[in-house]
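Sequence lines set the chain letters: A, B, ... in the order given, protein chains first and strands last, and positions in each chain run from 1. Values in this document were obtained by computation on a predicted structure and should not be read as measured data.
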There are 2 protein chains.
Amino acid sequence: MLVSIHTRPTLEDVAARAGVSRATASRVLNASPRVSPEALEAVNAAVLALGYQPNRAARALVTRRTGAVAVVFSEPEPKIFDDPHFARLIRAGARALADVDVQMVLMLVHSPDDQARAHRFLAGGHVDGALVFAPHRNDELVSIVKKLPLPVVYAGKPWGSLRGMHLVDNDNEGGAVLATEHLKSLGRKKIVHVSGPLDELSAIDRLNGFKSALGLDDKGAAKVTEDGGFTREGGRKAMAALLAKVPSLDAVFVASDLMAAGALETLQEAGKRVPQDVAVVGFDDHVTIAEHTSPPLTSVRQDSDEQVKHMVAHLMKLLRDETVKTKKQMLPTVLVRRESA
Amino acid sequence: MLVSIHTRPTLEDVAARAGVSRATASRVLNASPRVSPEALEAVNAAVLALGYQPNRAARALVTRRTGAVAVVFSEPEPKIFDDPHFARLIRAGARALADVDVQMVLMLVHSPDDQARAHRFLAGGHVDGALVFAPHRNDELVSIVKKLPLPVVYAGKPWGSLRGMHLVDNDNEGGAVLATEHLKSLGRKKIVHVSGPLDELSAIDRLNGFKSALGLDDKGAAKVTEDGGFTREGGRKAMAALLAKVPSLDAVFVASDLMAAGALETLQEAGKRVPQDVAVVGFDDHVTIAEHTSPPLTSVRQDSDEQVKHMVAHLMKLLRDETVKTKKQMLPTVLVRRESA
DNA sequence: ACCTGCGACTCAAAGGTTTTCATCGAGGAG
DNA sequence: CTCCTCGATGAAAACCTTTGAGTCGCAGGT
């Protein structure tokens with residue numbers, strides 16, 4: 001059996017060494033039931049001895065499966081990317097996909113150019129499916145992706161009709177209720193809200209939770225709410241605006257930790273003590289932020305790791321063509337108490 | 001010409017429509033010179049009409065090229081990942097690789113398990129090359145990767161012998177000199193340093209720059225330096241330690257913006273005014289941090305985007321088998337003045 | 001008139017795997 | 001003892017592209 005040193009072993013080599021045919025060896029690798037115990041063992045031994053690794057390209061060619069999944073972030077404002085939230089999602093995705101042994105192909109979509117490229121790529125059959133993070137209103141990418149014959153799982157609710165879409169969302173509204181109720185239970189009377197950008201449904205859901213916990217209608221809510229755009233600077237400004245609008249405020253529910261960090265700075269500058277004068281609750285429970293503000297931030301935890309895990313699991317089911325019972329999943333949120341409220 | 005609607009067109013289809021053979025069509029796609037203008041046009045028209053996209057798997061099978069590159073982050077402390085620096089690198093990688101039309105396969109390795117997996121994957125021929133971020137001393141992953149017959153470009157200097165390795169580094173030492181000289185030029189007399197973890201060469205280089213700018217030897221440096229571990233909290237603590245050790249300090253060069261943010265907090269708590277009492281210079285020029293500290297942070301800019309671009313360009317050359325003249329590249333750093341110094 | 005050289009092109013093999021279909025052998029039913 | 005059934009296995013087709021070898025026609029040299 002002469003084999004060049006530098007050529008990787010093929011299934012043929014494995015089969016030869018195990019004394020079976022390529023077909024049988026293949027069956028062993030794919031855990032087909034129709035194979036005798038002896039053959040199974042022989043093949044496994046050969047695989048081990050040769051350090052055999054299936055050739056992905058060859059396999060992909062015949063199965064019409066690439067073994068790769070795209071993870072797509074559509075975010076018009078590339079700056080937003082510095083939000084540690086994204087790092088966390090990416091990390092979770094990398095881990096979850098590696099666990100099921102599929103390649104993660106990361107795609108960042110900012111411009112229309114990027115959209116076109118993503119379209120080409122996803123339509124080109126280079127991946128078996130996609131995980132899509134596209135929270136913004138009227139995101140072109142969503143309509144593009146919808147038309148593709150490609151299994152897709154969304155993170156949160158994309159804007160527009162949700163018919164036939166698969167998604168894993170956090171219970172934003174429930175979390176907001178939790179936060180607001182907590183502030184109420186502290187005896188706070190004048191509770192205000194720094195919302196996220198209202199072109200994202202997660203921000204809207206959080207706002208709705210806030211409203212329903214306080215029994216506010218749209219008009220009432222408008223008086224005690226400011227949009228902070230999910231950025232630190234936005235949180236800073238929104239808080240300042242609220243202080244001007246509602247001087248007597250004694251509590252604020254901020255729709256993200258990053259904004260809450262900004263809001264805390266504003267409060268401090270305004271001479272307000274937290275939590276004595278103003279109680280603050282954030283959203284995300286981003287440890288690297290929440291634990292390092294002063295005072296440490298009480299926040300609503302949404303478990304991004306869990307969300308991504310669910311998304312991956314769901315997509316794998318789709319890929320295995322299992323009939324999935326629930327197309328939409330909602331993950332619970334919990335309140336994590338620290339010192340700010 | 002009956003073609004099922006749902007099957008994607010193959011090169012065969014293109015060739016047929018163009019009235020040429022598969023081989024000629026292939027040559028057109030691969031920009032081979034030996035093809036007549038008429039054939040070229042006919043094939044291009046057919047490609048367009050059919051919306052043809054080459055089958056990556058089939059191509060990979062015959063060319064033994066995958067069209068994918070791994071981007072590997074080796075970081076024992078997964079928490080560190082929340083550092084926006086990583087997000088920036090990942091974003092830059094995604095963009096640069098997309099620009100040259102290669103898939104980016106992201107791999108995060110934290111544990112020995114991850115290392116084994118990475119080893120298997122990289123050895124398995126699933127990618128054509130790799131970009132490796134592994135800054136820590138004695139990182140097992142580096143030795144693993146070194147042994148692989150795989151083109152690799154490193155970010156910064158990995159620990160150990162650099163023989164035959166390709167890397168793109170920032171001028172950490174030069175940047176540190178810049179920072180320290182700047183503090184000197186401000187008339188500061190008692191300049192101290194918060195360093196990064198000394199198991200990373202970037203941290204050591206920055207420390208060396210600091211030392212050489214002040215003409216300090218090891219012993220002298222030890223008296224005015226503290227390790228802040230490249231974390232915000234570490235920066236906080238290191239600053240406190242320095243205040244205790246060198247009460248008369250009037251300037252500090254901090255080896256990362258994240259640590260500088262922590263240091264600023266400590267200074268504030270200690271009642272020091274920045275920059276009046278203590279001038280502060282950071283490193284990284286991380287806008288989302290540097291522009292939002294109070295006061296905004298003067299910092300040494302290292303252009304990560306540029307670094308990653310160079311890494312990608314270098315790797316592509318390696319893949320094209322061009323003989324590369326310089327194996328190591330050093331990118332300049334510049335000082336960005338804001339208000340803290 | 002014949003060969004040579006050359007450019008444009010076609011043929012067909014190769015690349016490594018999965019999967020269908022056929023084959024083979026053993027064991028049970030009659 | 002023969003026929004069937006059924007489980008394990010093997011042969012070969014199929015997946016789609018690249019590429020080296022070979023064909024063909026034509027211009028130019030002898």
Item to check | Proximity to DNA chain C (any heavy atom under 4.0 Å), residues of residues 33-47 of chain A only | outcome: none
Item to check | Full working for side chain to side chain contact (heavy atoms under 4.5 Å, CB included) between B:Val153 and B:Val132 | outcome: CA-CA 6 Å; B:Val153 177; B:Val132 173; over 6 Å; no
Item to check | Polar side chain donor-acceptor pair, B:His110 to B:Gln115, under 3.5 angstrom | outcome: no
Next on the checklist: Measuring only between side-chain heavy atoms, which start at C-beta, is A:Phe73 closer than 4.5 Å to A:Ile90?
Outcome noted: yes
Checklist outcome for this item: By side chain to side chain donor-acceptor pair (under 3.5 Å), B:Ser111 pairs with (sequence neighbours left out) B:Asp114
Checklist entry - Taking C-beta and beyond as the side chain, do A:Leu201 and A:Trp159 meet within less than 4.5 Å on heavy atoms? => result yes
Item to check | B:Lys146 NZ: over 12 foreign heavy atoms closer than 6.0 Å | outcome: yes
Item to check | Residues, nucleotides or ligands: over 12 heavy atoms within 6.0 Å of B:His119 NE2 | outcome: no
Checklist entry - Does any non-hydrogen side-chain atom of A:Leu331 lie less than 4.5 Å from one of A:Gln302? => result no
Checklist entry - Among residues 117-126 of chain A, which contact DNA chain D at a heavy-atom distance under 4.0 Å? => result none
Checklist entry - In this structure, which one of B:Lys327, B:Lys328, B:Gln329 forms a side chain to side chain donor-acceptor pair (under 3.5 Å) with B:His314? => result B:Gln329
Checklist entry - Can you check whether A:Leu89 reaches A:Phe133 side chain to side chain, under 4.5 Å on heavy atoms? => result yes
Next on the checklist: Is there a salt bridge (Lys or Arg N to Asp or Glu O under 4.0 Å) between A:Arg117 and B:Asp99? Walk through the geometry before answering.
Outcome noted: CA-CA 10 Å; A:Arg117 172 149 54 196; B:Asp99 280 346; 3.3 Å; yes
Next on the checklist: Please determine whether side chain to side chain contact (heavy atoms under 4.5 Å, CB included) holds for the pair A:Met107 and B:Met104, giving the CA-CA distance in whole Å, both sets of side-chain angles, and the decisive distance to 0.1 Å.
Outcome noted: CA-CA 8 Å; A:Met107 310 188 62; B:Met104 160 172 174; over 6 Å; no
Checklist entry - What do the steps show when you test B:Glu75 against B:His136 for side chain to side chain contact (heavy atoms under 4.5 Å, CB included), and what is the final call? => result CA-CA 8 Å; B:Glu75 177 61 63; B:His136 293 284; 3.1 Å; yes
Checklist entry - Once each nucleotide of nucleotides 12-19 of chain C is scored for protein heavy atoms under 4.0 Å, what B/S/- sequence comes out, 5' to 3'? => result BB-BBBBB
What protein N or O atoms touch nucleotides 25-27 of chain D N or O atoms at under 3.5 angstrom, if any, and at what distances?
none

Checklist entry - Does B:Val28 reach the side chain of B:Asn44, with side-chain heavy atoms less than 4.5 Å apart? => result yes
Checklist entry - Do the rings of B:Phe121 and B:His126 sit parallel, tilted or perpendicular, given the 30° and 60° boundaries? => result tilted
Polar atom pairs between nucleotides 24-27 of chain C and protein, under 3.5 Å, N or O only, would you list them?
none

